[in-house]
2 protein chains.
Amino acid sequence: MAETKKSNLALVAARAGVSVASVSRVLNGGSASEQLAKRVREAADELGYVPDASARTMRTGRTDQITLAVADVGNPVYVQMMRTVTGIVAKAGYRLVVSSTGADPKDQIDLVRSLNRGYADGLLISPLRITPDLVEALSASRLPIVVIGTLPPEVELDNVRADSATGIGLAVEHLIAQGRRRIALVNGPVDTVPGSARLAGHRAALERFGLAASDELEVTATGFTYRAGHRATARLLAQAEPDAIIGANDLLAVGALKELAAAGRRVPEDVAVVGMDDTDAAELATPSLTSVDLGSAKRAKAAAKLLIRRIEDPDAPVVRQVIAPALSVRESTVPEAPRA
Amino acid sequence: MAETKKSNLALVAARAGVSVASVSRVLNGGSASEQLAKRVREAADELGYVPDASARTMRTGRTDQITLAVADVGNPVYVQMMRTVTGIVAKAGYRLVVSSTGADPKDQIDLVRSLNRGYADGLLISPLRITPDLVEALSASRLPIVVIGTLPPEVELDNVRADSATGIGLAVEHLIAQGRRRIALVNGPVDTVPGSARLAGHRAALERFGLAASDELEVTATGFTYRAGHRATARLLAQAEPDAIIGANDLLAVGALKELAAAGRRVPEDVAVVGMDDTDAAELATPSLTSVDLGSAKRAKAAAKLLIRRIEDPDAPVVRQVIAPALSVRESTVPEAPRA
DNA sequence: CTGTTAGCGCATTCAG
DNA sequence: CTGAATGCGCTAACAG
């Protein structure tokens with residue numbers, strides 16, 4: 001092999017002294033005599049023949065590619081999803097391509113549109129913000145799509161989502177069991193899917209356990225990042241005296257940890273801290289971070305399977321799945337937590 | 001718009017009462033009368049026309065896509081690269097697709113082969129392990145490729161690499177200035193590009209500053225991960241009494257931080273710790289981590305620009321660039337380090 | 001300025 | 001079992 005010239009079926013056919021049809025058959029596992037097959041394979045090898053993806057796609061309508069669209073490749077929760085999805089789709093014979101869209105719904109809409117050009121056989125998308133325009137673009141798309149995240153109920157798309165409310169409930173329950181009463185929330189932007197869910201969940205959980213929700217105990221960071229959590233926690237400490245802080249994700253919670261240390265508060269003695277998503281960052285943190293596992297790996301896995309099913313059976317009924325949360329208790333809420 | 005049927009140029013042409021060529025021209029910015037253009041755009045809109053990527057690619061030979069291949073999407077250093085590269089390629093009119101290959105060179109070889117099918121116009125690749133097979137596949141590829149990382153000198157490929165040796169020298173110099181003398185290395189696998197470079201760099205730096213290199217002060221983790229660093233540091237502490245530890249990347253260094261805390265050593269008082277890559281993880285760590293910035297963002301940027309240049313001018317001379325390292329000093333080496 | 005036409009490389013009828 | 005011929009949707013000559 002390793003001729004460096006670009007090759008094609010016709011060249012291979014000529015070299016093997018057979019027709020292009022036969023070459024195509026041999027190379028795609030069709031029936032052919034052993035002798036002919038051998039000649040074809042040798043010729044293909046000698047010419048370094050590689051089939052052209054676009055030609056095959058044009059002919060078959062398939063790309064054997066699945067796109068995963070996430071807002072931020074740096075967010076550990078998406079990293080978990082990427083890792084999970086890669087394996088599932090590979091096993092089903094698809095290649096995964098990851099597309100980092102940024103947080104702006106407009107970019108996601110552009111992506112959906114461009115995917116309709118036939119870059120992929122299906123799309124997994126986890127939107128940070130769900131706007132009517134995005135829903136419209138998603139619904140109008142001819143491409144099989146599975147949405148990871150909460151969608152308006154009337155949207156007829158497969159989707160699998162987390163249960164933030166129950167998850168925050170788990171955190172609040174745990175904190176109350178530790179004797180905490182002033183449980184603050186360091187949230188991300190409330191115009192995002194997770195942001196709004198977590199705010200509502202926090203209020204509901206406090207109410208359910210008979211604690212008064214107060215505006216003082218809720219601060220909103222400018223993003224779901226470490227730095228934003230750092231700054232938001234500083235604001236929180238300036239206006240209230242919490243004995244526990246829930247970060248809307250692990251990065252925000254780590255930011256809170258840092259600010260608490262800088263402010264001279266001990267964790268967990270003075271203030272307990274809980275994160276959400278249970279990513280690697282929770283384990284890396286010092287002290288290690290108790291975190292609500294919202295099942296990102298499970299969600300990704302379920303979503304990938306749904307997508308493959310939908311690609312193979314476009315008329316399958318729409319499925320909506322909810323993944324149950326779980327709590328991973330670590331040092332940031334209990335003094336003598338088990339070592340990871 | 002938003003007809004849901006799949007459309008094509010012929011349909012649009014028929015609806016607008018013009019030829020397919022005119023439709024193609026209008027939609028691609030060719031010259032046409034305003035009146036005709038308007039009719040075409042209306043028809044395209046009404047039919048929800050979207051051009052087919054594979055057909056266009058087959059015709060033009062271009063995909064307008066660039067692939068970035070990394071071994072592990074979860075590694076912060078690759079995250080930095082992805083972020084940087086996304087912007088550069090977008091500005092040049094390309095879409096970025098990220099491919100997570102895993103650490104096995106075999107998977108990378110498969111990727112290179114599959115890209116020869118025409119999935120992308122160019123490839124940015126940062127291999128963890130460089131085997132002769134991989135070099136062969138890279139060299140034999142017809143696709144424009146830029147390698148991020150060290151390559152054997154005879155390979156005729158554009159590449160931009162870090163200078164680990166100088167970087168470690170910076171770290172050692174800094175530690176010596178802090179009065180440290182038993183400077184250990186928690187390395188990753190030595191059969192990787194960064195692993196071998198860092199080992200050599202460590203030895204060279206110790207020698208240069210007149211310190212004896214000893215096997216006791218070198219441990220090799222099973223991977224470039226937090227957990228591996230944790231375990232390797234435990235082994236290190238069992239066999240030696242270092243007063244400083246250099247992690248071959250930030251994740252390993254954070255693992256060292258954790259193990260030191262568990263072993264009751266104070267950082268930096270008893271043991272100073274330095275990471276490499278200067279990723280977000282260094283800032284998040286407690287105490288925050290002094291880290292050698294090997295210029296991953298700069299490398300990614302330079303590589304992306306080189307690739308775009310090579311795509312546009314396949315005959316341009318081969319370029320090899322080296323990015324100079326820098327040291328970010330934080331709390332893990334100096335008691336009163338500046339707050340981030 | 002606009003239309004006709006010829007392939008790009010491939011998988012797939014349909015004949016033989 | 002094998003070969004000839006067709007067309008997927010598009011762009012770029014080439015004519016008019």
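Within every chain, numbering begins at 1; the chains are lettered A, B, ... in the order of the sequence lines, protein sequences first and strands thereafter.
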Self-check item: d(CZ, R56(B); P, dC8(C)) in whole Å
Solution: 19 Å
Exercise. Indicate, with a heavy-atom threshold strictly under 4.0 Å, whether A21(A) touches base, sugar-phosphate, or nothing.
Key: base
Quiz item: Could you state the CD-C1' distance from Q35(A) to dT2(D), rounded to the nearest angstrom?
Solution: 13 Å
Quiz item: Does dG3(C) have OP1 or OP2 sitting under 4.0 Å from an N or O in the side chain of S22(B)?
Solution: yes
Practice problem: Mind calculating the distance between CZ (R62(B)) and P (dC8(C)) to the nearest angstrom? | Solution: 20 Å
Exercise. Evaluate the side-chain proximity of D158(A) to L307(A): yes if any heavy-atom separation is below 4.5 Å, no if none is.
Key: no
Self-check item: Length of the CG-P vector between L9(B) and dC10(D), whole Å
Solution: 4 Å
Quiz item: L36(B) has an atom CG; how far is it from atom P of dT2(C), in whole Å?
Solution: 5 Å
Self-check item: D72(B) bridged to R83(A) by N-O distance under 4.0 Å
Solution: yes
Exercise. Check the side chains of S141(A) and N116(A) for a donor-acceptor pair under 3.5 angstrom, ignoring hydrogens and angles.
Key: yes
Quiz item: Between dA11(C), dC10(D), dG3(C), which one does the side chain of T60(A) approach most closely?
Solution: dA11(C)
Self-check item: Integer-rounded Å distance: dC10(C) P and R25(A) CZ
Solution: 15 Å
Practice problem: Check every atom of dT2(C), dG3(C), dA5(D) against the side chain of V20(A) and return the nucleotide holding the closest atom. | Solution: dA5(D)
Quiz item: Is the shortest distance from a Lys or Arg side-chain nitrogen in D52(B) or R56(B) to a carboxylate oxygen in the other one below 4.0 Å?
Solution: no
Practice problem: Starting at atom NZ of K6(A), determine the distance to atom P of dC8(C), rounded to an integer number of angstrom. | Solution: 11 Å
Practice problem: Look at the side chain of S19(A) and decide which nucleotide, out of dG9(C), dA4(D), dC10(D), has an atom nearest to it. | Solution: dA4(D)
Quiz item: Would you say dT2(D) has OP1 or OP2 under 4.0 Å from some side-chain N or O of S33(A)?
Solution: yes
Quiz item: Where the side chain of D52(B) is defined as all heavy atoms beyond and including C-beta, which of dC10(C), dT2(C), dC10(D) is the nearest nucleotide?
Solution: dC10(D)
Quiz item: Do E34(B) and K38(B) meet the salt-bridge criterion of a basic N to acidic O distance under 4.0 Å?
Solution: no
Practice problem: Report the nucleotide, chosen from dC1(C), dG9(C), dG9(D), that has the shortest atom-to-atom distance to any side-chain atom of N8(A). | Solution: dG9(C)
Practice problem: Whole angstrom is fine here: how far is it from CG in L27(B) over to P in dG9(D)? | Solution: 16 Å
